[in-house]
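These notes concern the structure reproduced below.
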Amino acid sequence: MRCEHYWREGILLVERGQLDPHRDDCLDCRREHEARSTLVRALRLVGAGTGDPQWQAKVWQQIGREKRPSWGGGRSAWFPVASALAAACVLLAVVQVRGLSHRDHIDGGIATRSKVTIAPAEQRRVHRGGSRPDEASEPTRPLSASVGERVRIWAAPYQEVRIYRGQGLIARCAAPVPMSARCAVSALGVVAEQVLERPGMYQVVIAPMGILAAPPSGEASSLERDLAALTAGGVGHELRSIAVQ
Amino acid sequence: MVNTNAVQAPREDADIEQLIARDARGDRDRALALLMDRYGERVYRFAYAMTRDTAAADDVRQQAFIEAYRDFGRFEGRALLRTWLFGIVRHRCLDATKIQRRWWRRFKSDPPEDPEAEPPDLDRGRIARFLMECLARLQPRAREAVVMRYVEDLAYDEAAAITGELAGTIQQRVGRALPVLRRCVDSRMRAPHRAVQE
């Protein structure tokens with residue numbers, strides 16, 4: 001008759017991390033302990049791949065939908081309006097001082113579509129204070145540009161903008177990046193700006209934030225690698241090319 | 001706010017906890033991105049082992065991270081961030097398994113096979129499939145205990161913190177579930193062999 005000790009009491013001792021002196025003297029229990037170890041090893045291999053490759057993008061999309069203002073929600077109805085106005089005023093003041101106007105992307109509310117435009121070199125600075133030329137008066141041309149002109153990219157709040165010259169990443173703009181003269185992020189959207197300093201091909205990639213990994217330290221991220229990551233993940237993105245002469 | 005004194009052990013996710021504690025929108029976004037990178041696969045594996053359904057596991061994972069993002073403000077740093085996250089995942093898994101049970105009861109059938117779940121390696125796939133079938137036959141609490149301990153490799157203390165029970169209770173559940181699992185897997189491994197002999 002086989003010894004039943006192991007599955008009755010011995011296993012609890014194992015799970016508690018306690019010694020089981022009986023096991024050393026019992027062949028049945030040693031065999032059963034080996035069977036348990038095999039089972040546990042097999043359990044550690046249980047898995048079913050990594051699931052939907054676009055899951056992170058779906059999480060961001062859902063969060064983006066939830067974040068859009070719901071007027072008259074939990075707090076009093078004027079609270080979101082007042083907060084948004086106050087935030088917009090502060091933001092406007094800060095970015096105008098730093099050279100990138102948030103009027104550029106307010107554009108009627110939260111940015112839901114991305115846009116890439118080229119601004120002539122002579123308009124290097126947006127107007128400070130007073131009235132600013134209308135969008136129409138700032139020519140939006142097909143994506144070819146001259147050296148010294150600027151590319152300006154508008155994107156939704158939960159998107160990341162990356163700008164490459166040739167294969168090399170030269171600028172990133174997304175929510176965690178502190179605001180600078182070349183990157184402004186707010187609840188209304190993301191605006192990135194880059195002076196096209198050299199002739200050649202520039203590429204702009206607009207993708208859901210959090211999908212592209214930060215470039216490893218000491219290593220430049222490349223367009224090819226980032227596009228491969230987006231394609232492999234099946235993540236929808238936008239790629240625009242700008243020929244600079 | 002994060003109470004950094006509450007837990008003495010080294011905090012693996014201190015970087016994310018700091019971002020959460022700053023409580024700024026950009027920081028919360030960054031915290032979520034890091035959290036998803038770090039725990040996305042583990043959460044999926046846990047959810048799959050609990051639900052045995054790839055679509056349900058995907059839903060659980062998405063819902064859990066969305067809920068974590070919404071509730072960042074409630075994370076007080078008393079537990080490890082991972083423990084807190086798995087607490088959310090566990091609740092979503094229990095919801096999902098309840099829905100599954102109701103569905104299966106209604107149609108009086110066994111849980112369906114998930115065609116996407118079969119790994120390409122035949123032997124490993126066979127054992128993994130049997131294990132998944134046998135796990136699904138355990139009581140939900142026993143299954144949860146085994147999955148936390150041996151699929152997710154969580155210590156009993158951490159599993160206890162997630163479920164809100166005593167570590168000894170989880171140990172007992174695992175101790176009782178393993179022989180059941182072993183018998184179940186053995187019988188399934190032998191079944192095709194018997195058929196060939198017959």
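Below, all heavy atoms of this structure are taken into account, side chains as well, without hydrogens, waters or symmetry copies. A note on names: the letters A, B, ... follow the listed sequences, proteins ahead of strands, and every chain is numbered from 1.
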> Can you pull out the residues in residues 159-166 of chain B with any heavy atom less than 4.5 Å from chain A?
Replying inline: none
> Do A/Gln62 and B/Tyr69 have side chains that get closer than 4.5 Å, going by heavy atoms?
Replying inline: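 No, their side chains stay 4.5 Å or more apart.
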Taking side chain as everything from C-beta outward and backbone as N, CA, C, O, which of these in [X] sits under 4.5 Å from a heavy atom of chain A? Side chain, backbone, both or neither.
X: B/Arg70; answer: side chain
X: B/Glu41; answer: side chain
X: B/Asp37; answer: both
X: B/Leu34; answer: neither
X: B/Tyr150; answer: both
X: B/Val147; answer: neither

>> If we check side-chain contact (heavy atoms from CB on, under 4.5 Å) with A/Leu43, which of these qualifies: B/Asp153, B/Leu178, B/Val185?
In response: B/Leu178
> Just by modelled atom types, is the B/Asp58 backbone N or O under 3.5 Å from a matching donor or acceptor in the A/Asp52 side chain?
Replying inline: no
>> Using a 4.5 Å heavy-atom cutoff, which residues in residues 17-26 of chain A come close to chain B?
In response: none
> Is there any residue in residues 34-41 of chain A with a non-hydrogen atom under 4.5 Å from a non-hydrogen atom of chain B, and which ones are they?
Replying inline: A/Ala35, A/Arg36, A/Leu39, A/Val40
> With sequence neighbours left out, what residues match B/Cys134 under disulfide (SG to SG under 2.5 Å)?
Replying inline: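 Testing B/Cys134 for disulfide (SG to SG under 2.5 Å), a comparison that skips the adjacent residues, returns B/Cys184.
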> Any chance CD of A/Gln203 has more than 12 other-residue heavy atoms, nucleotides or ligands included, within less than 6.0 Å?
Replying inline: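 Buried by this count: over 12 neighbours within 6.0 Å.
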> With a 6.0 Å cut-off on ring centres, are A/Trp55 and B/Phe65 close enough?
Replying inline: yes
